[in-house]
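Below, chain A is the first sequence line, B the second, and so on; all start at residue 1. Predicted, not measured: the structure shown is a model, and the values here were computed from it.
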Number of protein chains: 2
Amino acid sequence: MGIIRKTKSVELLLDIFSQNSNALSVVNLVKKTKNQMNKTTVYRILERMESEGVVHSFNDINGNKWYAKCHSCSSDNHLDSHPHFQCKDCGAIECLSVEIAIPKVPNFQIDSAEIMLVGTCRNCSIV
Amino acid sequence: MGIIRKTKSVELLLDIFSQNSNALSVVNLVKKTKNQMNKTTVYRILERMESEGVVHSFNDINGNKWYAKCHSCSSDNHLDSHPHFQCKDCGAIECLSVEIAIPKVPNFQIDSAEIMLVGTCRNCSIV
DNA sequence: TTTGGTACTGCAACATAGTTGCATTAGATT
DNA sequence: AATCTAATGCAACTATGTTGCAGTACCAAA
């Protein structure tokens, strides 16, 4: 697919992902990098990174886009069917390494599943 | 919670839901009713209907909000944990009546699950 | 190490979904 | 009919995400 050049912006984003085990919202990434690059660039790099299989994307319960490092994505298959967990208190999202079988439903041809589990994360449940 | 008055607008929306077994996107509802009411009103009535347990809401794979009639919601519990199915061709969404157990994940306190199954619906797979 | 093609970026303007404040209207209750 | 207040319309706003285009910088080839 697209060739990805190792620009400053690409490297900064890769850096941020390597330092974060949790998923990151685009809004957050745009904010984090606003002194280094334009938001359009953030959106475009993330798109390229996804099509390269470096990250995968999904929407949170508020409809905002998030990205997370891929562990088992390829450029052909971004469909880890792993679930995501969002804390309803702090909003943080993490990928769960549990593999969940895509539910079979009679008469439906299902290709993939987006599973968002909602609850309270460890940090927030302490308080 | 809120008192719901039987206004023209409320009745129109209830009507639309009674005529549709599928879920409806807010965008679509705003379009459908643009001669009868303001979009702000649509958003507000849907909110009230949800808190009354008449409908439930969720986001589609593009992050847009949808509503569907409740079958087993109460005003206390909108958490049918039924999955939704979105056709990636035509975009239509339907509620699946299958009850899916909320997956248990060790060390996570999970309250609810949003499950969106993506595939091709019957109409679209004919073509 | 310079050159040149083109991938990439920044900017500004736009598109769309959803929200808010406030003045006015219209259900319901008496 | 009078009245209380939920509900509505409107306009202006916020936020997320997108597009076109001109200019920049990566990288490979000479």
Side-chain angles (χ1 to χ4, degrees), chain A residues 1-17 23-68 75 86 91 93 114 116, chain B residues 1-17 23-68 75 84 86 91-93 114 116:
Chain A
M1 280 260 157
I3 288 154
I4 291 207
R5 290 185 178 170
K6 282 283 162 58
T7 63
K8 297 250 161 69
S9 300
V10 169
E11 278 174 353
L12 176 54
L13 282 173
L14 287 172
D15 243 51
I16 292 173
F17 276 103
L24 295 158
S25 71
V26 179
V27 173
N28 185 3
L29 286 168
V30 168
K31 216 171 281 170
K32 262 190 166 64
T33 61
K34 70 165 175 294
N35 295 321
Q36 286 77 39
M37 71 186 94
N38 189 272
K39 72 172 172 174
T40 309
T41 305
V42 177
Y43 279 97
R44 294 200 268 224
I45 291 177
L46 290 170
E47 236 168 51
R48 270 181 274 148
M49 282 167 64
E50 182 167 30
S51 75
E52 293 294 310
V54 179
V55 295
H56 61 280
S57 73
F58 54 92
N59 294 292
D60 71 4
I61 49 176
N62 306 118
N64 293 340
K65 201 160 194 180
W66 290 62
Y67 282 87
S75 46
Q86 182 160 30
I93 297 186
E114 294 276 329
M116 181 66 78
Chain B
M1 275 265 156
I3 287 153
I4 290 207
R5 290 187 180 169
K6 282 283 162 59
T7 64
K8 296 247 161 71
S9 300
V10 169
E11 278 174 353
L12 176 54
L13 281 173
L14 286 172
D15 244 48
I16 292 173
F17 276 103
L24 295 157
S25 71
V26 178
V27 172
N28 184 5
L29 286 167
V30 168
K31 216 172 280 171
K32 262 190 165 63
T33 60
K34 70 165 176 293
N35 295 320
Q36 285 78 38
M37 72 186 94
N38 189 274
K39 73 172 172 173
T40 309
T41 306
V42 178
Y43 279 97
R44 293 199 269 224
I45 290 177
L46 291 170
E47 236 169 49
R48 270 180 274 147
M49 282 168 65
E50 182 166 29
S51 74
E52 293 295 310
V54 179
V55 294
H56 61 280
S57 72
F58 54 92
N59 293 292
D60 72 3
I61 49 175
N62 306 118
N64 292 340
K65 201 161 195 177
W66 290 62
Y67 282 88
S75 46
H84 296 103
Q86 182 160 31
I93 297 186
E114 296 274 331
M116 180 67 77

Do Leu29(B) and Phe17(B) have side chains that get closer than 4.5 Å, going by heavy atoms? yes
Min side-chain heavy-atom separation Val54(B)-Leu14(B) under 4.5 Å: yes
Leu46(B) CG to dA7(D) P, straight-line distance once rounded to whole Å: 14 Å
Which residues share a side chain to side chain contact (heavy atoms under 4.5 Å, CB included) with Thr7(B), sequence neighbours left out: Arg5(B), Ser9(B), Val10(B)
Length of the CE-P vector between Met49(B) and dA7(D), whole Å: 13 Å
Polar atom pairs (N or O), protein with nucleotides 27-30 of chain D, under 3.5 Å:
| unit_1 | atom_1 | unit_2 | atom_2 | d |
| --- | --- | --- | --- | --- |
| dC27(D) | OP1 | Lys6(A) | N | 3.2 |

Within residues 32-43 of chain A, which residues have any heavy atom lying less than 4.0 Å from an atom of DNA chain D? Lys39(A), Thr40(A), Tyr43(A)
When you compare the side chain of Lys6(A) with that of Glu11(A), does any pair of heavy atoms fall below 4.5 Å? yes
Ile45(B) atom CD1 is separated from dG18(C) atom P, nearest whole Å, by 16 Å
Can you tell me how far apart OG (Ser51(A)) and CD1 (Ile4(A)) are? Round to the nearest 0.5 Å. 6.5 Å
Is there a side-chain contact between Lys39(B) and Val26(B) (heavy atoms, below 4.5 Å)? no
Is there a side-chain contact between His84(B) and Trp66(B), using heavy atoms and a 4.5 Å cut-off? no
ring-ring contact (aromatic ring centres under 6.0 Å, His included) evaluation trace for His56(B) with Tyr67(B): CA-CA 6 Å; His56(B) 61 280; Tyr67(B) 282 88; 8.6 Å; no
Short question: side chain of Ser25(A), backbone of Asn28(A) - any donor-acceptor pair under 3.5 Å? yes
So do Met116(B) and Ile93(B) actually touch side chain to side chain, heavy atoms under 4.5 Å? yes
OP1 or OP2 of dT9(C) versus the side-chain N and O atoms of Arg48(A): is any pair under 4.0 Å? yes
Would you indicate what Val27(A) reaches in the nucleic acid, counting non-hydrogen atoms under 4.0 angstrom: base, sugar-phosphate, or nothing? sugar-phosphate
Distance, rounded to the nearest Å, where Asn59(B) contributes CG and dT16(D) contributes C1': 13 Å
Could you identify which residues of residues 8-16 of chain A place a heavy atom less than 4.0 Å from some atom of DNA chain D, listed by residue number, or say none? none
Close side-chain approach of Leu13(A) and Met37(A), heavy atoms under 4.5 Å: yes
How close or far is atom P of dT16(D) from atom CD1 of Ile61(A), stated in whole angstroms? 15 Å
Between CG of Asn28(B) and C1' of dA17(C) the distance, given in whole Å, is 14 Å
Report yes if some heavy atom in the side chain of Lys65(B) is under 4.5 Å from a heavy atom in the side chain of Phe58(B); otherwise report no. no
Under 3.5 Å, is there any donor-acceptor pair linking the side chain of Arg44(B) to the base of dG18(C)? no
Axis-to-axis angle across the helix from dT1(C)-dA30(D) to dT30(C)-dA1(D), five pairs each end, nearest 10 degrees, ~ 30°
Excluding sequence neighbours, so at least two apart, what forms side-chain hydrogen bond (donor to acceptor under 3.5 Å, both in side chains) with Asn59(B)? none
Separation between CG of Asp60(A) and CD of Glu114(B), rounded to the nearest 0.5 Å: 10.5 Å
